[in-house]
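Report on the following structure.
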Amino acid sequence: MTRILAVANQKGGVGKTTTVINLGASIAVHDKEVLVIDLDPQANTTSGLGHREAEDFGIHNFIAGVHQLKECTVNTEIEGLYLVPGSRHLAGTEIELASQEGREFFLARALSSSSLSKYDYVLIDCPPSLGLLTINALVAAHGVIITVQSEYYALEGLSHLMETIKRIKAHWNRSLAIFGVVLTMYDKRLKLSREVEGEADKYLGEMLFRTRIPRNVRLSEAPSYGKPVILYDAFSTGAKSYMSLAREVMAR
Ligand SMILES: Nc1ncnc2c1ncn2[C@@H]1O[C@H](COP(=O)(O)OP(=O)(O)OP(=O)(O)O)[C@@H](O)[C@H]1O
Ligand SMILES: [Mg+2]
């Protein structure tokens with residue numbers, strides 16, 4: 001069965017894109033087929049996987065029904081890891097959706113009329129907002145992975161996100177579940193990181209993945225080479241931590 005997971009948090013810069021790229025790559029090297037969808041107008045996942053933003057055949061045209069999934073899907077350097085590129089046109093898509101009937105369902109509908117059976121996982125990178133693009137991702141997904149940066153205020157925005165997930169469950173996608181919460185940019189030497197960890201543990205319990213993603217410079221360098229960290233520095237703590245997260249995700 002194909003699992004569709006949206007990686008979301010309306011807070012910016014909390015490791016969503018880094019997680020989509022590196023979790024996707026780490027699952028794919030376990031002999032799985034993974035499709036990554038870049039649903040953010042910033043198109044950072046696209047460039048981080050070594051592709052240019054898609055002027056024509058990107059996710060915006062898939063959502064609009066202009067192109068089929070196959071026509072929008074490109075290979076990456078990792079065998080088994082595929083990408084539907086994003087582009088700045090997605091900002092326009094979000095505005096156009098606003099006036100459409102059933103605006104929350106465009107991505108879900110497009111995906112359900114596509115053949116996804118070849119994929120074990122579909123990971124959707126969301127923009128840093130709770131706007132219609134993120135809502136479309138959550139309506140299309142079976143589960144949400146929330147990335148939380150190990151910083152002060154990190155948990156504050158979480159209740160807002162949880163409310164949104166509850167609302168989407170109630171109205172549009174009954175089977176939506178919180179698949180897990182992952183702490184990113186964690187530094188165990190810092191009291192602050194440990195405090196956020198303690199709070200997250202108390203508040204989230206089982207939902208919190210055991211793997212912590214450390215702050216690791218290799219993770220921030222890899223995208224400028226258009227590579228997941230396992231191709232850039234497989235022995236880095238960043239690469240190892242995403243491998244560990246992949247094992248947890250596959251076991252859930
Ligand atoms: N574990 C980490 N260690 C070091 N740097 C990281 C780590 N995770 C992410 N970064 C860096 O932090 C910045 C923000 O990360 P990322 O782009 O993944 O966040 P995001 O939530 O997708 O941001 P946005 O909300 O803008 O889409 C990037 O420059 C990224 O390279
Ligand atoms: Mg991002």
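The structure displayed is predicted, hence computed values, not measured ones. We count ligands from 1, going down the list as the structure has it; atoms in each ligand are counted the same way.
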Distance filter under 4.0 Å to Leu219 heavy atoms, resulting ligand 1 atoms:
1 (N), 2 (C)

A student comparing Gly13, Pro214, Ser150 should find that the heavy atom closest to atom 1 (N) of ligand 1 comes from Pro214

Protein residue, atom and distance nearest to atom 17 (O) of ligand 1, heavy-atom basis:
Thr17 CB, 3.9 Å

Are any of the side-chain nitrogens in Arg194 or Glu197 under 4.0 Å away from the carboxylate oxygens of its partner?
no

With a 4.5 Å cut-off on side-chain heavy atoms, are Val36 and Asp125 touching?
no

Angle between ring planes, Tyr119 versus Tyr82, binned at 30° and 60°: parallel, tilted or perpendicular?
perpendicular

Classify the contact between Asp40 and ligand 1 as side chain, backbone, both or neither, using a heavy-atom distance cut-off of under 4.0 Å.
side chain

Show the atoms of ligand 1 that are less than 4.0 angstrom away from any heavy atom in Gly12.
25 (O)

With under 30° as parallel and over 60° as perpendicular, where do the rings of Trp172 and Phe105 fit, or are they tilted in between?
perpendicular

Can you check which of Val7, Val14, Thr18 brings a heavy atom nearest to atom 16 (P) of ligand 1?
Thr18

Does even one non-hydrogen atom of Asn216 get within less than 4.0 Å of ligand 1?
yes

Can you see whether Phe209 has Arg252 sitting over its ring - NZ or CZ less than 6.0 Å from the centre and within 45° of the normal?
yes

